Amino acid sequence: MRHVLRFLGKLVLSLLALTAALVLIVGAFFGIEGYNLYRAAVEEKPVEELAASIREQDGFVSYDRLPQIYIDAVVSAEDQRFWTHSGVDFLAIGRALWHDLQTLSFAEGGSTISQQLMKNQYFTQDKTLERKFAEIFAAWKLEKTYTKQEIFEMYVNTIYFGSGYYGIAQAAEGYYGKEPEELTDYEAVMLAGLPNAPSAYALDTNLELARQRMDQVLERMVDCGKLTAAEAAALASP
């Protein structure tokens with residue numbers, strides 16, 4: 001019996017070692033492919049050129065014009081460790097990976113705001129490992145080049161809010177007829193939730209779904225300490 005148990009123990013250890021080796025090999029392969037994809041993208045359009053083109057677009061909104069509650073809502077909903085990570089949130093990636101393994105899907109990606117910005121500007125939306133690695137390399141480059149405030153303003157000036165509105169200026173004007181700094185707290189939090197699924201949450205076609213998404217954003221803000229439960233409840237109604 002001891003010999004059998006010893007044999008089984010060695011077999012399990014061998015299988016674990018083989019699995020780890022395969023993971024490293026696969027990771028190295030897709031990492032190299034992703035790096036090549038990233039290099040090709042930034043050689044065609046350097047990050048500095050990308051940033052300049054975003055800042056030159058009509059209606060660009062600087063960070064200091066954004067309501068603080070809008071900033072807090074976006075960070076709470078999309079990337080709660082945005083101010084402290086270096087472009088990649090490995091805790092979020094690990095959580096998303098565990099969820100995807102449990103559900104056998106790619107429903108969660110764990111992408112930071114920096115990764116989302118680079119994905120939207122440089123790469124396709126295809127959920128492949130090489131694209132994910134390319135996105136990570138691009139996010140690291142972005143964070144080495146620009147401040148968090150600059151990254152945040154580039155992100156909110158380019159994301160899609162539904163109904164043909166790109167960027168926070170178009171969304172604020174199109175949905176509420178206001179400049180971003182004129183938004184009420186309710187409006188600011190509402191807009192913060194739309195880019196998660198802009199076609200589904202567009203205010204002029206799916207107001208009830210948008211309100212449900214707003215409730216999720218408010219919940220995240222409470223979890224992140226940006227609002228109390230009472231403040232969130234009061235904000236839930238316009």
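Since the model is a prediction, treat every value here as computed from it, not as a measurement. Sequential numbering from 1 along the given sequence is applied to the chain's residues.
- A distance of 12.5 Å separates CZ in R81 from CD1 in I113, rounded to the nearest 0.5 Å.
- Closest heavy-atom contact between D215 and A236: OD1-CB, 4.3 Å.
- For E208, there are no salt bridge (Lys or Arg N to Asp or Glu O under 4.0 Å) partners, not counting sequence neighbours.
- Evaluation of the side-chain hydrogen bond (donor to acceptor under 3.5 Å, both in side chains) rule for S62 yields D64 as partners, not counting sequence neighbours.
- Here the closest non-hydrogen pair linking Q115 and I136 is NE2-CG1, 3.7 Å.
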Taking only distance into account, with no hydrogens and no angle test, what donor-acceptor pairs under 3.5 Å do side-chain atoms of residues 149-158 form with protein atoms, sequence neighbours excluded?
| unit_1 | atom_1 | unit_2 | atom_2 | d |
| --- | --- | --- | --- | --- |
| E150 | OE1 | T147 | N | 2.9 |
| E150 | OE1 | T147 | OG1 | 3.4 |
| E150 | OE2 | R55 | NH2 | 3.3 |
| E153 | OE1 | Y63 | N | 2.7 |
| Y155 | OH | Q116 | OE1 | 3.0 |
| N157 | OD1 | V61 | N | 2.8 |
| N157 | ND2 | V61 | O | 2.8 |
| N157 | ND2 | E153 | O | 2.6 |
| T158 | OG1 | M154 | O | 2.9 |
| T158 | OG1 | Y155 | O | 3.1 |

Apply the test side-chain contact (heavy atoms from CB on, under 4.5 Å) to residues L235 and I69: give CA-CA distance (whole Å), side-chain angles for both, the deciding distance (0.1 Å), then the verdict.
CA-CA 11 Å; L235 245 175; I69 194 168; 3.6 Å; yes
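- Of the inter-residue distances, the one linking I168 atom CD1 with E173 atom CD reads 11.5 Å to the nearest 0.5 angstrom.
- By the salt bridge (Lys or Arg N to Asp or Glu O under 4.0 Å) test, E181 pairs with R65, sequence neighbours left out.
- S76 contributes no side-chain N or O that, together with a main-chain N or O of A73, makes up a donor-acceptor pair within less than 3.5 Å.
- Between Y38 and M118 there is no side-chain heavy-atom pair separated by less than 4.5 Å.
- At distances below 3.5 Å, not a single donor-acceptor pair connects side-chain atoms of Q170 with backbone N or O atoms of G167.
- Counting non-hydrogen atoms of other residues, nucleotides and ligands closer than 6.0 Å to CD of E143 gives a total above 12.
- Heavy-atom minimum distance, A192 versus P195: O-CD, 3.7 Å.
- Expressed to the nearest 0.5 Å, how far CG of L117 lies from CD1 of I54 amounts to 5.5 Å.
- Looking at heavy atoms from C-beta onward, N196 lies out of side-chain contact with V217 at the 4.5 angstrom threshold.
- Within the 4.5 Å cutoff, no side-chain heavy atoms of N206 are placed close to those of Y201.
- Qualifying ring pair (Phe, Tyr, Trp, His ring centres under 6.0 Å) partners for Y166, counting only residues two or more places apart in sequence or in other chains: Y160.
- Take E49 and apply the side chain to side chain contact (heavy atoms under 4.5 Å, CB included) test, not counting sequence neighbours, and it matches K45, P46.
- A search for salt bridge (Lys or Arg N to Asp or Glu O under 4.0 Å) contacts involving D204 returns nothing, not counting sequence neighbours.
- Taking every heavy atom of both residues into account, Y146 and V47 meet most closely at CE1-CG1, 3.6 Å.
- Note: E78 CD to I159 CD1 = 7.5 Å, rounded to the nearest 0.5 Å.
- Minimum heavy-atom separation, P180 to P67: O-CG, 3.2 Å.
- Residue pairs satisfying the side chain to side chain donor-acceptor pair (under 3.5 Å) criterion with at least one member in residues 220-234, sequence neighbours excluded, are listed as follows: R220-D223, T228-E231.
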Let's go through L203 and Y176 carefully: what are the C-alpha distance in whole Å and the side-chain angles of both, what is the deciding distance for side-chain contact (heavy atoms from CB on, under 4.5 Å) to 0.1 Å, and is it a yes or a no?
CA-CA 10 Å; L203 295 178; Y176 296 116; 3.4 Å; yes
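- A search for ring pair (Phe, Tyr, Trp, His ring centres under 6.0 Å) contacts involving Y175 returns Y165, not counting sequence neighbours.
- With sequence neighbours excluded, the residues satisfying side chain to side chain contact (heavy atoms under 4.5 Å, CB included) with A200 are A197.
- Of all non-hydrogen atoms in A202 and S163, the two that sit nearest each other are CB-OG, 3.5 Å.
- Counting only heavy atoms from C-beta outward, the side chains of N36 and F133 never approach each other to under 4.5 Å.
- There is a side-chain donor-acceptor pair under 3.5 Å between K132 and S111.
- At distances below 3.5 Å, not a single donor-acceptor pair connects side-chain atoms of T112 with backbone N or O atoms of D79.
- The line from CD of E135 to CH2 of W140 is 11.5 Å long, rounded to the nearest 0.5 Å.
- With a 4.5 Å cut-off on side-chain heavy atoms, F123 and L37 count as touching.
- Counting non-hydrogen atoms of other residues, nucleotides and ligands closer than 6.0 Å to CD of Q68 gives a total above 12.
- Side-chain atoms of L194 and R213, non-hydrogen and from C-beta on, never get closer than 4.5 Å to each other.
- In this view, T145 and E48, K141 satisfy the side chain to side chain contact (heavy atoms under 4.5 Å, CB included) rule, not counting sequence neighbours.
- By the side-chain hydrogen bond (donor to acceptor under 3.5 Å, both in side chains) test, T184 is found to be paired with E187, residues two or more places apart in sequence or in another chain being considered.
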